[in-house]
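The first residue of the sequence shown is numbered 1, and numbering continues consecutively from there. Computed from a predicted structure; not experimentally measured.
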Amino acid sequence: MNSFDHLLTLEERRHLKRQQLRDFLYWSAVLVVVVVVLANIALKQVQKIETERLVRSSQVELQAYTAFEGERLGNLAKEVVALSRDNSLLTYVTQGDDQSRRALETHWVGVAWFEGRYSQISLLDPYGLEMVRVEYDAIDNRAFAGTQLDYQGDSYFIEDAATLEVGEVYFSRIDLAQGDMIPQIVLRAITPVVDLSGHRDGLLVLSLRAEQMLGGFYQGLGSSFYSNAMVDDRGEYVIGSQAIPAEGGLSDNLSVDHPVVWRSMQVLDSGSVKIPSGMVVFQAGNFGFAENSRKRYLLSYIADETVASATSYQRQVVLGGAVVFSLLAMGWFWYISGGLLHRTMRRRMLDVVSGVFESNEAICITDGEGRIEAVNGAFSRTTGYLTDEVLGRKISILNSGYHDADFFAAMWSSLKEQGFWKGEVMNRHKSGEVFPELLLISAVRGVKGDIVKYVSHYVDITEQKKQERELKLAAAAFETNVGVVVTDPEGDIQRVNSAFSRITGYTAKEVIGQNPRILQSGYHDAEFYQLMWQAIRENGYWRGEVWNRRKSGDIFPEWITITSVRDEDEEIIYFVSTFEDITRRKELEAELERLATTDSLTGLWNRRRFEQELRKELHYTQRYGGGFTFVIFDIDHFKQVNDRYGHDVGDEVIQRVANTASGMLRAVDSIGRWGGEEFVLLLPKSNESDAGIICERLRVAIEQDTGEPGVTCSFGVSHFMEGTTEDGIIKSADQALYQAKESGRNRVCTVSEAAGDGEGSEASA
């Protein structure tokens, strides 16, 4: 029998135990039902929220990629329109002789080789027969004229492009292009070709290698949460035919695999559809600039397993919280159902506490107001205060001032709500020295439930904190934001830090024992690494920029330092490499370069950048020959536009002129804003006559622009001649522009005309 047994009869003890058990089982059953229902609701809500988040994230990525590809194809459209208006092409469609044909082939060979993106450039007559074709071999980096011309009149894109107006561009679906080389997967850009009289002479077909466009698809939609695909307007897969699972097996057509998804895509351009195994998110993109352009659809598949994986932590938290809450609540039920038994147990616990009061741990008992009622000998040894010196005083005599009011507020809140508090505190010794202690405070409640006493246990952790600081210092030297790799003398990886895994994507388990060459990108040749190791052996270290490859396959720049570690015998025992990802720094440098060389209003090259390009072209021509033309043109009476309409409208006029000029130039030509309303052109491999034709077309286009207010421009043309300097060609073009202004404006004046009778070409109607 216990020392408490005489307080209760045997029957009373049995009755209390039975009642306690019945109450506990009843409330525990109610609790389990409530917790299961709430946990199920919470799990469904977590899954719903995560699914919606993944769908939104996928839609944002698809929209961003659609806009990105639209911009790229917009630039391609401008290029094919500019190519259709090239002088060599217009000369050939007008004259049609062998000499003009060879000139056109030579020009196109230069364009194809310079651009490097086009697999073919073809001129088709109105019936679909190839008249001229130039191909580019990306493997051998060479461009050549095709010899086996094809008839493509029965191709679908000939019919689709038949109704194109001048300046319109049609983009085909991605398919196979034939030629003298191995057939290639291409995207065709098609635009009409007309001669100077406006007669339609056929179609210009510019074939872009599909990998040039589709390479960004995987980079732009590279999330590990999604499987991605692209389908054309007939539902056929362009990319990712295995991306979206189907119950009846996979085909090459989405409309066959998932008819419900396909019908939704026909009605909506953007959205998501639930299928048995997950969600399909789609975004339509009309990657073309003619009325009959074909749509393509970008798809992302989010599997139910992906959602489950993404929510695994939340589900663990919900289930773990439910279990912990249930256990705590059941413990509380057991406590409150015990009644008298709990009070008896409390008294017994107080007896136990009194037995251990004189332990090696400092113990202090205070009343509900924090006044000290009892301390043990260990308390005096730890704090320096004798028992008589602290009895009746507030425990705050140990307060060091290290902790703020919020710290103590949280402590007292925990004591009142949970009945205990545990943590580290900085207390003050009687001598004034501040030292760390591990403190556990338990609240003792009276019969009415109010706190009547506090029992505090103190453990001096001064030595422990010292050791922790030393360990943290050693860990901090290794676990920094900089990647660290330690290898043995043979080059096998012995240890990496978390920053290494974060930067490269490899876990420590994956690389321990491996050679660091698994990170090599192939960007550097063998000589680069030979010089690196030569420097390490001679100097003990090497520092520089290296392009490495992540586990994902992405290539990124690093700033790396490799140091050899030697023992007392000067033998190398380790190599330590520290590196940081400098991708962001590279991007910022590129952005700064762009801001420094671009006009903020028009997006054209600014004067500084254009002068660099002019200087480069001048040096090239002086060394290799070929000639080029420099043009200065400005907006006539621009001050009157500003005075009458205001500077905002004036800025819009400048932007309108810049856009018109940019859209009419050849791919090899350059345009920049010289300052104010003044612009400059650089026309490589052109003579004064060619430049005059180009400028005259540009002058007419600006004059006929329907924007308000209407404006005209005057042009000064200066051609490179032997002995020409940079200042000389600029001055010559400026003099020609002055002559155009003096001759009535809205006209093109060349240097030869300015030096002659001063009469420029008349403005054409």
Side-chain angles (χ1 to χ4, degrees), residues 324 328 346 349-446 449-482 484 497-499 578:
V324 171
L328 291 176
R346 184 183 297 116
M349 289 176 63
L350 288 175
D351 291 339
V352 173
V353 168
S354 64
V356 299
F357 188 64
E358 292 301 329
S359 67
N360 290 327
E361 294 182 359
I363 299 176
C364 175
I365 300 177
T366 64
D367 61 16
E369 301 299 324
R371 284 183 290 270
I372 299 174
E373 293 185 342
V375 296
N376 65 353
F379 179 89
S380 298
R381 292 191 297 273
T382 302
T383 65
Y385 288 101
L386 299 176
T387 302
D388 293 340
E389 293 177 319
V390 296
L391 291 180
R393 300 178 65 179
K394 286 289 190 75
I395 193 63
S396 57
I397 61 172
L398 301 180
N399 191 349
S400 64
Y402 181 85
H403 305 288
D404 57 18
D406 292 340
F407 175 85
F408 291 106
M411 174 192 292
W412 292 115
S413 175
S414 176
L415 286 169
K416 291 177 181 178
E417 295 175 2
Q418 303 177 28
F420 71 92
W421 182 88
K422 182 179 181 180
E424 294 182 7
V425 296
M426 298 296 293
N427 278 339
R428 187 181 300 277
H429 193 271
K430 180 181 178 181
S431 64
E433 178 187 357
V434 176
F435 64 100
E437 288 188 307
L438 179 63
L439 172 60
L440 172 63
I441 307 177
S442 300
V444 180
R445 298 184 181 274
D450 55 331
I451 297 176
V452 294
K453 295 185 186 300
Y454 295 102
V455 179
S456 303
H457 295 254
Y458 299 86
V459 178
D460 187 347
I461 56 173
T462 301
E463 189 62 29
Q464 177 183 336
K465 297 300 288 185
K466 180 180 179 181
Q467 294 175 359
E468 287 180 359
R469 284 194 298 270
E470 293 175 351
L471 291 175
K472 287 180 179 179
L473 180 60
F478 192 74
E479 292 299 337
T480 66
N481 289 328
V482 177
V484 179
N497 67 350
S498 58
T578 59

Checklist entry - Just one of I395, V390, N376 clears the side chain to side chain contact (heavy atoms under 4.5 Å, CB included) bar with C364, so which one? => result I395
What are the two closest non-hydrogen atoms of [X] and [Y], and how far apart are they?
X	Y	answer
N399	R428	O-NE, 3.9 Å
L439	S456	CD1-CB, 3.9 Å
T382	A362	OG1-CB, 4.0 Å
F379	I363	CB-O, 3.9 Å
R445	K416	NH2-O, 2.7 Å
V482	N497	O-ND2, 2.9 Å

Next on the checklist: Within a 6.0 Å radius of atom NZ on K430, are there more than 12 heavy atoms belonging to other residues, nucleotides or ligands?
Outcome noted: yes
Item to check | Residue pairs, two or more places apart or on separate chains, that pass ring-ring contact (aromatic ring centres under 6.0 Å, His included) and touch residues 404-423 | outcome: H403-F407, F407-W421, W412-Y454
Checklist entry - Residues in salt bridge (charged side-chain N to carboxylate O under 4.0 Å, His left out) with R371, at least two apart? => result D367
Next on the checklist: Could you check whether any side-chain heavy atom of E424 comes within less than 4.5 Å of a side-chain heavy atom of P436, counting everything from C-beta outward?
Outcome noted: no
Item to check | Beyond-backbone contact of Y458 with N427, side-chain heavy atoms, under 4.5 angstrom | outcome: yes
Checklist outcome for this item: Across all chains, not counting sequence neighbours, the side-chain hydrogen bond (donor to acceptor under 3.5 Å, both in side chains) partners of S431 are H429
Checklist entry - Roughly how far, to the nearest 0.5 Å, is OG of S414 from NZ of K422? => result 12.5 Å
